[in-house]
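Working notes, structure below.
FYI, the numbering just counts along the sequence from 1.
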Amino acid sequence: MDNTSLILEPETVDVAKLVRQAVSMVSQLAARQQIDLQCDVPEELKCIADERAVRQICINLLSNAIKFTRDGEITLDVSR
């Protein structure tokens with residue numbers, strides 16, 4: 001049996017706040033690579049999800065976008 005299984009804990013998650021935090025966390029990496037990082041997210045957006053998992057997904061997506069973008073702009077567009 002695998003002891004590394006992920007246990008999800010669904011709760012009401014403020015996606016808008018979480019996305020802004022993820023953008024903030026990777027913004028210095030983008031700046032070092034001279035990439036303009038933009039975020040378009042509604043003022044308030046909530047869902048039922050595991051907050052840690054959604055945060056990690058956002059950070060991974062942004063980090064990969066920065067890693068594979070040579071120059072220009074990355075826009076994370078979150079809509080309802």
Side-chain angles (χ1 to χ4, degrees):
M1 183 171 206
D2 184 31
N3 289 331
T4 61
S5 59
L6 177 65
I7 299 172
L8 299 176
E9 297 179 17
E11 61 182 310
T12 301
V13 175
D14 185 343
V15 177
K17 179 180 176 184
L18 191 143
V19 166
R20 286 188 203 96
Q21 289 172 343
V23 168
S24 177
M25 290 175 69
V26 299
S27 63
Q28 288 184 352
L29 177 61
R32 278 193 297 255
Q33 292 188 222
Q34 298 179 327
I35 296 170
D36 184 23
L37 183 57
Q38 300 293 318
C39 178
D40 184 11
V41 61
E43 202 51 44
E44 184 175 310
L45 179 61
K46 297 185 185 220
C47 74
I48 304 296
D50 182 279
E51 184 172 342
R52 291 175 299 155
V54 174
R55 177 180 292 108
Q56 193 61 53
I57 290 167
C58 289
I59 291 169
N60 289 352
L61 285 171
L62 289 166
S63 295
N64 284 338
I66 293 166
K67 180 178 179 180
F68 294 107
T69 300
R70 296 294 169 224
D71 59 4
E73 178 179 288
I74 296 170
T75 302
L76 178 59
D77 184 2
V78 180
S79 49
R80 298 178 188 259

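Shown here is Glu73, whose CD atom has more than 12 heavy atoms of other residues, nucleotides or ligands within 6.0 Å. More than 12 heavy atoms of other shown residues, nucleotides or ligands fall within 6.0 angstrom of atom CD in Glu11.
Here Lys67 contributes atom NZ and Ile35 contributes atom CD1; the two are 12.5 Å apart, rounded to the nearest 0.5 Å. Atom CG of Leu18 is separated from atom CZ of Arg52 by 12.5 Å, given to the nearest 0.5 angstrom. To the nearest 0.5 angstrom, Leu6 atom CG is 10.5 Å from Gln56 atom CD. Taking CG of Leu62 as the start and CD1 of Ile57 as the end, the distance is 12.0 Å to the nearest 0.5 Å. Note: Lys46 NZ to Thr12 OG1 = 7.5 Å, rounded to the nearest 0.5 Å.
Proximity of Ile59 to Met25: side-chain heavy atoms (C-beta onward) are separated by under 4.5 Å at one or more points. Put simply, the side chain of Asp40 does not reach to within 4.5 Å of the side chain of Leu76, judged on heavy atoms. Residues Val23 and Arg20 have side chains not in contact (no heavy-atom distance under 4.5 Å, counting atoms from C-beta outward).
Counting all heavy atoms, side chain and backbone alike, Ser79 lies closest to Leu45 at O-CD2, 4.4 Å. Considering all non-hydrogen atoms of both residues, Cys58 and Ala22 come closest at CB-CB, 3.8 Å. Heavy atoms only, all atoms of each residue included: Val41 and Ala16 are closest at CG2-CA, 3.7 Å. In terms of heavy atoms, Ala49 sits closest to Val54 at CB-CG2, 3.7 Å.
In terms of modelled atom types and a separation under 3.5 Å, the side chain of Asp50 and the main chain of Glu9 share a donor-acceptor contact. Looking at Ser63, its side chain never comes within 3.5 Å of a backbone N or O of Asn60 through a donor-acceptor pair. The main-chain N or O of Ala65 is found under 3.5 Å from a side-chain atom of Thr69 such that the two form a donor-acceptor pair.
Under the 4.5 Å side-chain contact rule for hydrophobic residues, Leu37 and Leu61 do not share a cluster.
With no hydrogens or angles considered, a side-chain donor-acceptor pair links Asp36 and Gln38 at under 3.5 Å.
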In sequence, state the C-alpha distance, the side-chain angles, and the governing distance for Ile66 and Gln33, and then conclude on side chain to side chain contact (heavy atoms under 4.5 Å, CB included). CA-CA 8 Å; Ile66 293 166; Gln33 292 188 222; 3.6 Å; yes

